[in-house]
Amino acid sequence: MTAPERIRYTSEHEWVLPSGENTVRVGITDYAQRQLGDVVFVQLPDEGSKVSVGESMGEVESTKSVSELYAPVEGEVVKGNERLGDEPDLVNTDPFGDGWMVEIRLADPAALDQLLDENAYQQLTDQD
């Protein structure tokens, strides 16, 4: 599966993509969804919630396990993907598209520079 250009990653397998002025869209990577198996439920933070880097902001439940969704950046949740309530399998079928999870208004736009680029993330997943 091909990832969009300008995408960044975390070591916890979240992806981050600029979606507007000082906002980013966040989801889990193709690698992560394959490790999880069939996603059956997604719990997302409420709009307006403040999130900090590395803190849990939700859960992804699959037929295999329940995994935390971690905030890749500091900011405020401005939107959650409501479709995941009825169609959690979008995380499996289109993790970089319709399976996105939240949009966050960045507290510091420079924070994206601290995340992994495509090559660094590829090296991380090659170790697994």
Side-chain angles (χ1 to χ4, degrees):
M1 182 165 289
T2 304
E5 288 184 36
R6 301 179 16 217
I7 197 164
R8 295 296 200 160
Y9 300 91
T10 71
S11 59
E12 299 295 331
H13 306 290
E14 285 90 18
W15 58 261
V16 181
L17 185 66
S19 59
E21 188 173 334
N22 294 328
T23 60
V24 293
R25 189 167 271 188
V26 177
I28 64 167
T29 65
D30 184 52
Y31 175 87
Q33 69 81 20
R34 282 187 278 120
Q35 297 298 310
L36 284 170
D38 295 335
V39 174
V40 296
F41 179 75
V42 179
Q43 177 192 352
L44 299 174
D46 294 329
E47 290 179 18
S49 297
K50 303 285 188 200
V51 295
S52 297
V53 175
E55 102 181 353
S56 176
M57 64 174 186
E59 292 182 342
V60 180
E61 183 177 335
S62 72
T63 54
K64 292 182 181 179
S65 67
V66 176
S67 296
E68 299 288 327
L69 176 63
Y70 296 100
V73 292
E74 183 175 341
E76 177 183 350
V77 175
V78 293
K79 186 175 186 180
N81 186 352
E82 295 176 3
R83 289 182 63 189
L84 296 181
D86 294 327
E87 302 174 82
D89 60 312
L90 289 171
V91 173
N92 294 115
T93 59
D94 194 10
F96 295 114
D98 290 339
W100 66 274
M101 297 188 178
V102 295
E103 287 189 354
I104 298 173
R105 181 177 301 112
L106 297 168
D108 177 10
L112 293 179
D113 297 335
Q114 304 303 312
L115 300 174
L116 303 173
D117 65 14
E118 183 100 30
N119 289 333
Y121 184 69
Q122 187 65 47
Q123 289 177 6
L124 176 74
T125 59
D126 286 348
Q127 293 173 6
D128 287 345

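We count residues from 1, following the sequence as given.
The two residues V73 and V51 come nearest to each other via the heavy atoms O-CG2, 3.7 Å. When every heavy atom of N92 is checked against every heavy atom of G37, the shortest pair comes out as ND2-O, 2.9 Å. For the pair P45 and V102, the tightest heavy-atom approach, listed with the atom from each and the gap, is CD-CG1, 3.8 Å. When all heavy atoms are compared, the tightest approach of R25 to E103 is NH2-OE2, 2.7 Å. Across all their heavy atoms, S11 and L124 have their closest contact at CA-CD2, 3.6 Å. The minimum heavy-atom distance linking V78 with I104 is given by the pair CG2-N, 4.3 Å.
Of the options V40, L36, V42, a side-chain contact (heavy atoms from CB on, under 4.5 Å) to V91 is made by V42 and by none of the others. With Y9 as the fixed residue, the side-chain contact (heavy atoms from CB on, under 4.5 Å) test singles out one of D117, L115, T29: T29. Checking L69, L44, D46 one by one against M57, the side-chain contact (heavy atoms from CB on, under 4.5 Å) holds for a single residue, L69.
In the hydrophobic clustering of this structure, V26 groups with I28; members are Ile, Leu, Val, Met, Phe, Trp, Tyr whose side-chain heavy atoms approach within less than 4.5 Å, directly or through other members. When hydrophobic clusters are built by joining Ile, Leu, Val, Met, Phe, Trp and Tyr residues whose side-chain heavy atoms come closer than 4.5 Å, directly or via intermediates, L112 is not grouped with Y70. A chain of hydrophobic side-chain contacts below 4.5 Å, direct or via other Ile, Leu, Val, Met, Phe, Trp or Tyr residues, connects W100 to L17.
For Q122 and D126, the side-chain atoms include at least one donor-acceptor pair closer than 3.5 Å.
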Open item on the list: Could you go through Q123 and L116, starting from their C-alpha distance and side-chain angles, then the distance that decides it, and tell me whether this counts as side chain to side chain contact (heavy atoms under 4.5 Å, CB included)?
Closed with: CA-CA 10 Å; Q123 289 177 6; L116 303 173; over 6 Å; no
TODO: Please assess E118 against Y121 for the test side chain to side chain contact (heavy atoms under 4.5 Å, CB included), listing each intermediate value before the final yes or no.
DONE: CA-CA 5 Å; E118 183 100 30; Y121 184 69; 6.0 Å; no
Open item on the list: As a quick check of understanding, evaluate side chain to side chain contact (heavy atoms under 4.5 Å, CB included) for V60 and M101, giving each step before the final call.
Closed with: CA-CA 10 Å; V60 180; M101 297 188 178; 3.7 Å; yes
Task: Check against side chain to side chain contact (heavy atoms under 4.5 Å, CB included), E61 and V66 - done: CA-CA 4 Å; E61 183 177 335; V66 176; 3.7 Å; yes
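Note that CD of E87 is 11.0 Å distant from CG of D94, once rounded to the nearest 0.5 Å. To the nearest 0.5 Å, the span separating CD on E14 from CZ on R8 amounts to 15.5 Å. Between the NZ atom of K64 and the CD atom of Q35 there is a distance of 6.5 Å, given to the nearest 0.5 Å. Taking CZ from R83 and CG from D89, the interatomic distance works out to 9.5 Å, rounded to the nearest 0.5 Å. To the nearest 0.5 Å, atoms CD (E12) and OG (S56) are separated by 10.5 Å.
Under the salt bridge (charged side-chain N to carboxylate O under 4.0 Å, His left out) criterion, D38 pairs with no residue, sequence neighbours left out. Listed by chain and residue number, E76 satisfy the salt bridge (charged side-chain N to carboxylate O under 4.0 Å, His left out) test with K50 (two or more places apart in sequence, or in another chain).
Looking only at distances, a side-chain donor or acceptor of N81 sits under 3.5 Å from a matching main-chain atom of D98.
The aromatic rings of W15 and F96 are tilted relative to each other, their planes meeting at an angle between 30° and 60°.
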